[in-house]
2 protein chains.
Amino acid sequence: MAYHTLKQRILEGTYGPGYRIVIDRVAKELGVSAIPIREAIRRLEAEGLVEVERFSGAKVTRIDAKMYEDILSALAVLEGYATAQAYRNLTDEDFDALRQTNEAMRQARSDFDLTLYSRLNQQFHEIILRCCSNRYLVDEIHAFRERMDAMRVSVFNLIPHRASDSIAEHDKLIQLMAVDVGEDAVERFARQHRLATLEAFRRWNEQHTRLVAERKEGYRAPREIHRPGADP
Amino acid sequence: MAYHTLKQRILEGTYGPGYRIVIDRVAKELGVSAIPIREAIRRLEAEGLVEVERFSGAKVTRIDAKMYEDILSALAVLEGYATAQAYRNLTDEDFDALRQTNEAMRQARSDFDLTLYSRLNQQFHEIILRCCSNRYLVDEIHAFRERMDAMRVSVFNLIPHRASDSIAEHDKLIQLMAVDVGEDAVERFARQHRLATLEAFRRWNEQHTRLVAERKEGYRAPREIHRPGADP
DNA sequence: CATGACGTTATCGTATACGATTTCCTATGC
DNA sequence: GCATAGGAAATCGTATACGATAACGTCATG
């Protein structure tokens, strides 16, 4: 299906920011007409992943550092609240899973296995989020995270992970939830945990001075030369 | 344009929850082919306003009381945070505008002019929101509010407005911001202001016992009878 | 070399046509 | 009256065709 293919390519960075998706070319490549491609692009547009300009087609949305920070801080707020709503629903098994996941993260950091580390980090937060009964909130958080992950792959892939701090903070969060210090304190800590990533990003961004979003300009599809008599 | 027409009809309640949008009929009515209608529906799908089932077309999303509450509480969290981020950017003119708007709301309540009251209430919060520099957050809040408003029109239009409390709370919020009691206090108050609406809704919903979302079933487009030889 | 004009080509947006699928209506049986 | 089956009609999903528009390449000029 066209939608899933296009979305995946955007999320994994094959189509970088600013890249112009040529509808006819994708249609030909996937063996369908332009209509389902156009429908897919309308969905992606509504999700904010592409921008559609009339008669010019769809470009992958370009993200600057400001927007990255804006999304990250909005995400911090929602995650903080969701964690506070969720933690009293955590079972003993959940707490065990959290501790094991964080321990595995510690090991992944020692092994310098970034891919595993990231996956475990997601898993850690997912254990908590799955206990939040506000499904709308959870869906929004997932959508925000998806956007963040896509940006990270294509643009901000050199941001330091601050792994040591994260793992220690997970330990602290587990403790706060286990002793039930109250929703306010849990919310504040969980929010700050995410906001610390924002602070790390800001410091990194200032050091690098240039506008990171300008780097790795989206790849423009090559233009096929048509000559009368030439093979298609 | 098809998208705007369809969206407006959903937002103003012409198409209620569960209503099946018949693509060919709308296309004929608007004087276009089915293709732009389908594209519009894909956008609305991604926005959560309709649900698309393969070969059965699009139905306006049905909302139950739980989802209404979920959205409302997520909105409360975001609005609280946005207000805390915005208030130090408010000018003297902004504060004057807030006081005037709240005074006009007081008058509208005395006149029992619900439409004006609601418009002024939106205006009040918009004055604050426009001073929030996190544009992503503001866009999300607008999207949430849009969903809430659509639900209110079509399903929950008898919810009490708790006007007296709201106006008093606006006065208090203005005061808290003016004396700069700190972001935490402002955030907490602004969040609670919205959550009070949630509590009012819950009380009202329990009193009414029945599942409000079942009421006012979406209107199904009438079926046109085709007979050979009949005029189109 | 840079810029602007102009023509060609690629691409976009959507109408029409048509096969696939679901919905709806009618007939029949209990 | 109600349930079920079957066929007709409505509707959906998308390929193809084609006019509208932007992108691109080439050429002329300063």
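Just so we're on the same page: letters track the sequence lines, and every chain starts at 1.
At whole-Å resolution of the value, CZ in R25(A) and P in dT9(C) are 17 Å apart. When the P atom of dG13(C) is taken as reference, atom CD1 of I21(A) falls 13 Å away, rounded to whole Å. In this structure, the CG atom of D24(B) is 14 Å from the C1' atom of dT23(C), given to the nearest Å. Regarding Y3(B), its OH atom lies at a distance of 16 Å from the P atom of dG13(C), rounded to whole Å. As a whole-Å value, the separation of I37(B) CD1 from dT14(C) P is 10 Å.
Residues passing the ring pair (Phe, Tyr, Trp, His ring centres under 6.0 Å) test with F124(A), sequence neighbours excluded: H170(A). Considering only residues two or more places apart in sequence or on other chains, T91(A) meets the side chain to side chain contact (heavy atoms under 4.5 Å, CB included) condition with E93(A), D94(A). Taking R88(A) as the reference, D180(A), E183(A) meet the side chain to side chain contact (heavy atoms under 4.5 Å, CB included) condition, with sequence neighbours excluded. When the side chain to side chain donor-acceptor pair (under 3.5 Å) test is applied to R203(A), no partner is found at least two apart in sequence or on another chain. When the ring pair (Phe, Tyr, Trp, His ring centres under 6.0 Å) test is applied to Y3(B), no partner is found at least two apart in sequence or on another chain. The side chain to side chain contact (heavy atoms under 4.5 Å, CB included) search around R202(A) returns E69(A), L198(A), E199(A), not counting sequence neighbours.
Each salt bridge (Lys or Arg N to Asp or Glu O under 4.0 Å) pair with one or both residues in residues 1-16 of chain A, not counting sequence neighbours, appears once here: K7(A)-E47(A), K7(A)-E146(A), R9(A)-E29(A).
A heavy atom lying under 4.0 Å from DNA chain C marks the following residues of residues 38-61 of chain B, by number: F55(B), S56(B).
Contact check on R145(B) versus D149(B) returns no salt bridge, with no Lys/Arg side-chain nitrogen under 4.0 Å from an Asp/Glu carboxylate oxygen.
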Restricting to nitrogen or oxygen on both sides, can you table the protein-nucleotides 15-18 of chain D pairs closer than 3.5 Å?
unit_1	atom_1	unit_2	atom_2	d
dA15(D)	OP2	S33(A)	N	2.3
dA15(D)	OP2	S33(A)	OG	2.0

